[in-house]
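In what follows, chains carry the letters A, B, and so on, assigned in the order in which the sequence lines appear, proteins first and then strands, with residues in each chain numbered from 1.
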Number of protein chains: 2
Amino acid sequence: MAVHMLDEMDVKILAILQQDCTRPVAEIGKEVGLSTTPCWRRIQKLEELGVIKRRVAVLDPQKVNAGVTVFISIKTDKHSLAWLERFHAAVAEFPEVVEFYRMSGDVDYLLRVAVPDIAAYDVFYKKLITEVEIAKVSSAFAMEEIKHTTALPLTFARPASEKRRGS
Amino acid sequence: MAVHMLDEMDVKILAILQQDCTRPVAEIGKEVGLSTTPCWRRIQKLEELGVIKRRVAVLDPQKVNAGVTVFISIKTDKHSLAWLERFHAAVAEFPEVVEFYRMSGDVDYLLRVAVPDIAAYDVFYKKLITEVEIAKVSSAFAMEEIKHTTALPLTFARPASEKRRGS
DNA sequence: CGTGAAAAGTTGGCTTG
DNA sequence: CAAGCCAACTTTTCACG
C-alpha cells in the first residue's frame with residue numbers, strides 16, 4: 001500500500017489541490033515551476049493511481065444545519081464475523097455518521113456524528129440503538145471545533161534509492 | 001447562524017457537489033431539473049453565502065503516507081484564557097492534527113491525528129507534549145476506517161413560513 | 001428563467017531536450 | 001522519458017431578451 005512513488009513535485013501539486021482544487025492547471029503549474037501540460041499529466045496520473053480519490057465541495061456545517069458534532073464510543077460484546085459485518089453496514093448507512101472507526105483499546109468503535117441540534121441527536125441515538133444492539137455507548141459533544149481540515153499532512157517519502165543520501 | 005434559506009433544489013445541488021464537484025454545471029442542472037444558467041446562479045449564491053466553503057481534492061491516506069489515524073484525548077488543569085489561546089494555536093499548527101475539538105464531558109479536548117506509522121506517531125506525540133504542557137493525555141489507535149466522508153447529512157430545513165404545512 | 005456567444009480552461013497530439 | 005508548444009474542444013460565465 002505504499003506510495004507508488006511521489007516526488008517533490010507531486011507533493012507540491014497535491015498540497016495545492018488539497019487546499020483548492022478549482023485553480024487552473026496553468027496557474028498550479030506556474031506555482032510549482034512547470035508548464036501546463038506536464039502539470040496536467042501529473043494530476044492525471046495521481047488520479048489514475050487513486051492518490052487523488054475525488055474532488056468535493058466542503059460545506060459549512062452551521063449553514064447546512066449539521067453544526068453539532070458528537071463522538072460516540074461503543075463497546076460491544078458480540079464478536080462473530082456475521083454480526084460485525086451487519087453492524088458495520090448498518091451504522092455506515094446513517095448519513096449522520098460521517099466517520100466510523102474500529103479502535104484498539106478499551107473502546108471498540110468510535111463514530112463522529114453530525115446533526116442539527118441536540119434534539120436531532122436524541123432522535124439519531126434512538127434510531128442507532130434500535131437498529132443495532134450494542135453493549136455500552138457513550139456520547140461526547142464537541143463544544144467548539146478548533147480545527148477541522150480535509151488536508152492530510154504530506155510528508156515527502158524519499159524513494160528507496162535515495163535512502164542514504166540524507167535530507 | 002441558521003440557514004439563510006435553502007430550498008430543496010439547493011439541497012439537491014449540494015448533495016451532488018459534496019460527492020463530486022467536477023461535474024459540469026449543465027449536467028448537474030439536468031439532474032436536478034434546471035437548465036444551466038439558473039443552476040449556475042444557485043451555485044454562485046451558495047458560494048457567496050459561504051454554504052460552500054471550498055472545493056478540495058480528497059487524497060487517499062494510505063497512498064500519501066498518512067494512513068494511521070490516532071485519537072488523542074486531553075485533559076488539562078489550566079483554564080486561563082491566555083493559556084487556552086496559546087494551546088489552541090499551538091496544537092492547530094501541527095499539520096498532523098486534522099481535527100481538534102473542545103469537548104464537553106470528562107475529556108477537555110479531542111484530536112484526530114494522521115501520521116504515516118506508529119513510529120511517526122511517537123515522534124509527533126513527543127513534539128506535542130513538549131510544546132504544550134498538558135495534564136493527562138491518552139491515545140487510541142484506529143484499527144480500521146469503516147466510513148469516512150466529507151459529505152454532511154443534508155436535512156431539508158423547511159422555511160418558517162411553511163411550518164404548519166407538514167411534509 | 002432561457003438563449004447564445006465570448007472568455008477561460010482542459011485535453012491531447014506533436015516536437016524537442 | 002519528461003517537458004513544452006499549440007490548437008481543438010469543453011465548460012464557465014454573463015449580457016440580454
Side-chain angles (χ1 to χ4, degrees), chain A residues 2-60 63 150-151 154 156-163 165, chain B residues 3-60 63-65 150-151 156 158-159 161-162:
Chain A
V3 171
H4 267 307
M5 198 140 307
L6 303 178
D7 62 15
E8 257 174 303
M9 196 61 94
D10 290 323
V11 168
K12 280 189 197 169
I13 293 172
L14 290 171
I16 293 172
L17 256 21
Q18 279 200 117
Q19 224 55 47
D20 178 2
C21 69
T22 66
R23 296 183 54 193
V25 180
E27 200 178 304
I28 297 174
K30 198 171 297 173
E31 187 163 330
V32 304
L34 224 50
S35 70
T36 308
T37 309
C39 185
W40 178 75
R41 279 201 265 259
R42 277 170 186 268
I43 295 173
Q44 289 302 306
K45 175 142 26 178
L46 291 168
E47 254 154 13
E48 275 165 33
L49 291 175
V51 176
I52 297 175
K53 285 205 295 189
R54 56 205 337 198
R55 290 147 180 266
V56 303
V58 176
L59 310 186
D60 183 322
K63 294 190 177 142
T150 52
L154 295 177
F156 173 42
R158 188 173 301 97
S161 60
E162 292 187 24
K163 248 187 215 151
R165 286 200 213 145
Chain B
V3 171
H4 267 308
M5 198 142 305
L6 303 177
D7 62 14
E8 255 174 304
M9 196 61 93
D10 291 323
V11 168
K12 281 188 196 168
I13 295 172
L14 290 172
I16 294 171
L17 257 23
Q18 279 198 118
Q19 224 55 46
D20 178 1
C21 69
T22 67
R23 295 182 55 192
V25 179
E27 200 179 303
I28 298 174
K30 200 172 297 174
E31 186 163 332
V32 303
L34 223 50
S35 67
T36 309
T37 309
C39 186
W40 179 76
R41 282 201 264 256
R42 277 170 186 269
I43 295 173
Q44 288 303 305
K45 176 141 26 175
L46 290 167
E47 254 154 13
E48 275 165 32
L49 291 175
V51 176
I52 297 173
K53 286 204 296 190
R54 56 201 343 195
R55 290 148 181 264
V56 304
V58 176
L59 310 186
D60 184 324
K63 295 190 176 143
V64 296
N65 253 287
T150 53
F156 173 40
R158 189 172 298 98
S161 61
E162 291 187 26

Rounded to the nearest Å, what distance is computed from the [atom1] atom of residue [X] to the [atom2] atom of nucleotide [N]?
{"X": "A/E47", "N": "C/dT11", "atom1": "CD", "atom2": "P", "result": "8 Å"}
{"X": "A/I28", "N": "D/dG4", "atom1": "CD1", "atom2": "P", "result": "15 Å"}
{"X": "B/M9", "N": "C/dC1", "atom1": "CE", "atom2": "C1'", "result": "12 Å"}
{"X": "B/L17", "N": "D/dT12", "atom1": "CG", "atom2": "C1'", "result": "14 Å"}
{"X": "A/I43", "N": "C/dT10", "atom1": "CD1", "atom2": "C1'", "result": "11 Å"}
{"X": "A/Q44", "N": "D/dA2", "atom1": "CD", "atom2": "P", "result": "15 Å"}
{"X": "A/K30", "N": "C/dA8", "atom1": "NZ", "atom2": "C1'", "result": "14 Å"}

* Decide yes or no, distance alone: a donor-acceptor N/O pair under 3.5 angstrom between the base of C/dG9 and the side-chain of A/R23. => no
* Asked: Within the modelled atom types, does a donor on one side and an acceptor on the other bring the side chain of A/T37 and the base of C/dG12 under 3.5 Å apart?
  -> yes
Minimum heavy-atom separation for [X] and [Y], please, with both atom names.
{"X": "B/M5", "Y": "B/D10", "result": "O-OD2, 4.2 Å"}
{"X": "A/V32", "Y": "A/M9", "result": "O-SD, 3.5 Å"}
{"X": "A/G50", "Y": "B/D60", "result": "O-CB, 3.3 Å"}

* Structure fact -> Taking for A/R41 and for A/T22 the nucleotide of DNA chain C with the nearest heavy atom, the one nearer the 5' end belongs to A/T22
* Asked: Looking at CZ of A/R42 and NZ of A/K45, how far apart are the two atoms once the value is rounded to the nearest 0.5 Å?
  -> 8.0 Å
* Any side-chain N or O of A/R42 under 4.0 Å from OP1/OP2 of D/dA2? -> no
* Would you indicate, yes or no, if C/dT10 has its OP1 or OP2 atom less than 4.0 angstrom from a side-chain nitrogen or oxygen of A/W40? => no
* To do: Consider the side chain of A/P38, meaning its heavy atoms from C-beta on, and name the nucleotide among C/dC1, C/dT11, D/dG4 that approaches it most closely.
  => D/dG4
